[in-house]
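Here the structure is laid out as structure tokens; the discussion comes afterwards.
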Amino acid sequence: MIYKKTAALLLSVALAATAAGCSNQAEPPPVPAGNNQAVPVQKAQTQVPEITAPLTGLPVEMQSTDRVVMVMINNHSKARPQSGLDQADMVYEMLEEGLITRFMAFYQSHSPETVGPVRSIRPYNIEIGQGFDAIMSHAGGSVAALSIIRNGNYADMDEIYAYPKAYWRDKSRKAPHNLYTSIEKLRKGASEKGYNLGGDVPVFSFMKEGDVVQGEPGTKISVRYSKRNTAGYEYDPNTKQYMRLTAGKPHMDKETGKQLTATNVLVIAAQHRTLDGEGRLEIDTIGPGEGYLFQRGQALKVTWERRDGAIRAYQNGVELPMYPGTTWVNVVPTTPSFAEHLTFE
């Protein structure tokens, strides 16, 4: 009797379970989010922190620990258009003797196949390059610069004295405006020379989506280095980029044929001192000093200072974040005045 009751009870439970199963197929009851297999996948995707390039703040597929590569790039009129400036994460423009500027192009997230024309290096270029812990690419240098390199611990890739295999001459141009390299060749050479391929990359703060800056209108920028060298930027609200000008004309990239752009433009006034009859300069790279940071068509008056390896912009002692993208730093003399070298509207 007990057996029959137990069997009957088990049959009732089985039938109830079957009915419940059929009912679930027809109209599934609410399922807690924790039991829904699709939800954890979505949460995992949103919770994974975005990977960004350290010098630009832009999204990248994989986190890179590659050491920064700095290339000294010629800006003589016969060296234009240059190659590879469009893929630099950051670019510094500074005067050299002869009142002509040169570029210090920093590469970490991109590896262009052609970069140049490559030219020589100066002590203040070394100071900034050292702040980025960079592999330094150049073709010779001033006596003072080469002495600093010989007596220091630098990842030096000098075309003349260190590693010529990373360079080639473009026969379509005349020397000294025809020396080129590639980031891959420089990294390979650095490996062969036993340099550390990982480095201490400066850390920057970046704006978040939706952040807005408030300043003076700054959509047209004119930077006057000397009678022989001027630069400029014009803001494009559609792309949210500053279009680069040199000598009043669009500054183009030789490889792509496209105009160079910058997301952030920092123009600073630094003390310059002429050292000799050749016009070699000593430039203050530490600060503090006056400057303007241009972002999204706005101009912000700032104080600049080189901290933690890089020149940065501050207001009331607080570092200003940059918008994710490329940054160009233009270093002009303090004399006769900052206003003589920078105008904007």
Side-chain angles (χ1 to χ4, degrees), residues 72-82 85 88 90-105 117 119 122 124-125 128 177 215-236 241-253 259-275 278-306 311-313 326-345:
M72 293 298 306
I73 297 182
N74 193 349
N75 194 30
H76 191 282
S77 58
K78 294 181 180 179
R80 303 175 194 146
Q82 294 90 347
L85 283 172
M90 300 186 76
V91 180
Y92 282 58
E93 183 176 15
M94 305 179 74
L95 276 168
E96 306 284 345
E97 58 269 19
L99 302 179
I100 295 174
T101 63
R102 286 183 188 162
F103 301 114
M104 303 168 61
R119 285 305 304 267
R122 301 293 178 266
Y124 42 89
N125 304 134
I128 295 175
H177 313 297
E216 306 173 57
T219 57
K220 292 185 179 181
I221 308 165
S222 177
V223 183
R224 184 179 181 274
Y225 281 95
S226 68
K227 292 180 180 179
R228 299 186 62 185
N229 202 297
T230 61
Y233 302 87
E234 293 183 352
Y235 182 66
D236 181 354
Q241 297 290 304
Y242 282 93
M243 312 300 290
R244 163 89 185 183
L245 306 171
T246 291
K249 299 179 180 179
H251 194 160
M252 313 300 286
D253 177 78
Q259 189 172 1
L260 301 176
T261 64
T263 306
N264 310 280
V265 177
L266 177 60
V267 184
I268 67 170
Q271 292 184 359
H272 289 50
R273 185 168 72 93
T274 302
L275 297 176
E278 298 295 325
R280 293 188 178 91
L281 299 171
E282 179 183 79
I283 301 177
D284 174 28
T285 66
I286 298 175
E290 294 181 273
Y292 273 92
L293 177 61
F294 298 89
Q295 300 173 314
R296 300 288 172 93
Q298 300 290 303
L300 291 83
K301 187 173 178 58
V302 301
T303 299
W304 72 269
E305 190 170 351
R306 182 159 64 90
I311 290 175
R312 304 169 188 270
T326 57
T327 299
W328 282 60
V329 180
N330 299 262
V331 184
V332 300
T334 54
T335 56
S337 68
F338 191 18
E340 291 289 328
H341 297 282
L342 171 67
T343 57
F344 60 89
E345 59 185 62

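Closest non-hydrogen pair, Leu95 versus Pro333, comes out as CD1-CG, 3.9 Å. Residues Ala105 and Ile73 share a closest heavy-atom pair of CB-CD1, 3.8 Å. Heavy-atom minimum distance, Arg228 versus Leu99: CB-O, 4.0 Å. Across all non-hydrogen atoms, the minimal contact from Asp284 to Ala270 is O-CB, 3.4 Å. Considering all non-hydrogen atoms of both residues, Pro288 and Glu305 come closest at CB-OE1, 4.3 Å. Residue Thr326 comes nearest to Thr261 through the heavy atom pair OG1-O, 3.5 Å, listed as atom of the first residue, atom of the second, then distance.
Side chains of Asn330 and Tyr233: a donor on one and an acceptor on the other come within 3.5 Å. Remark: the Asn74 side chain and the Gln82 side chain contain no N/O donor-acceptor pair separated by less than 3.5 Å. Side-chain contact annotation: Glu345 with Thr219, donor-acceptor N/O pair under 3.5 Å absent. Judged purely by distance below 3.5 Å, without hydrogens or angles, the side chains of Thr285 and Arg306 pair a donor atom with an acceptor atom. There is no side-chain donor-acceptor pair under 3.5 Å between Ser222 and Arg224.
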Show the numbers, then the answer: is there a side chain to side chain contact (heavy atoms under 4.5 Å, CB included) between Tyr225 and Met94?
CA-CA 9 Å; Tyr225 281 95; Met94 305 179 74; 6.0 Å; no

Run the side chain to side chain contact (heavy atoms under 4.5 Å, CB included) test on Thr230 and Thr246 for me, step by step, so that the C-alpha distance in whole Å, both residues' side-chain angles and the decisive distance to 0.1 Å come before the verdict.
CA-CA 6 Å; Thr230 61; Thr246 291; over 6 Å; no

Dump the intermediate steps for side chain to side chain donor-acceptor pair (under 3.5 Å) on Gln295 and Asn264, then the final yes or no.
CA-CA 5 Å; Gln295 300 173 314; Asn264 310 280; 3.1 Å; yes

Please test Thr263 against Thr327 for side chain to side chain contact (heavy atoms under 4.5 Å, CB included), starting from the C-alpha separation and ending with a verdict.
CA-CA 6 Å; Thr263 306; Thr327 299; 5.9 Å; no

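Residues Ile311 and Leu266 form a side-chain contact, since some pair of their non-hydrogen atoms from C-beta on lies under 4.5 Å apart.
Asn229 places no side-chain N or O within 3.5 Å of a backbone atom of Ser226 that could act as its donor or acceptor partner. No donor-acceptor distance shorter than 3.5 angstrom exists from the side chain of Tyr292 to the backbone of Leu342, with no hydrogens or angles considered. The main-chain N or O of Leu281 is never found under 3.5 Å from a side-chain atom of Arg273 such that the two would form a donor-acceptor pair. Although no hydrogens or angles enter the test, the distance criterion places a donor-acceptor pair under 3.5 Å between the side chain of Trp304 and the main chain of Ala269. Between the side chain of Gln259 and the backbone N or O of Arg244 there is at least one donor-acceptor pair closer than 3.5 Å. The backbone N or O of Thr335 lies less than 3.5 Å from a partner atom in the side chain of His341, making a donor-acceptor pair.
Separation of atoms CE (Met104) and CE (Met72) is listed at 6.0 Å; rounding is to 0.5 Å. Distance CH2/Trp328 to CD/Glu93: 6.5 Å, rounded to 0.5 Å. Once rounded to the nearest 0.5 Å, the distance linking CD1 of Ile268 with CG of Leu293 reads 11.5 Å. Interatomic distance, CG of Asn75 versus CD1 of Ile100, reported as 8.0 Å (0.5 Å rounding). Residue Met252 holds its CE atom at 13.5 Å from CZ of Arg80, rounded to the nearest 0.5 Å.
Between Tyr235 and Tyr242, the ring planes lie tilted relative to each other; the angle falls in the 30° to 60° range. Taking the six-membered ring where the residue is Trp, His251 and Phe103 present tilted rings, their angle falling between 30° and 60°.
Residues passing the side chain to side chain contact (heavy atoms under 4.5 Å, CB included) test with Arg280, sequence neighbours excluded: Glu97, Ser142, Asp276, Glu278.
In the displayed structure, Lys301 atom NZ is contacted under 6.0 Å by more than 12 heavy atoms of other residues, nucleotides or ligands.
Classification of Glu96 and Arg122 as a salt-bridged pair holds, one side-chain N sitting under 4.0 Å from a carboxylate O.
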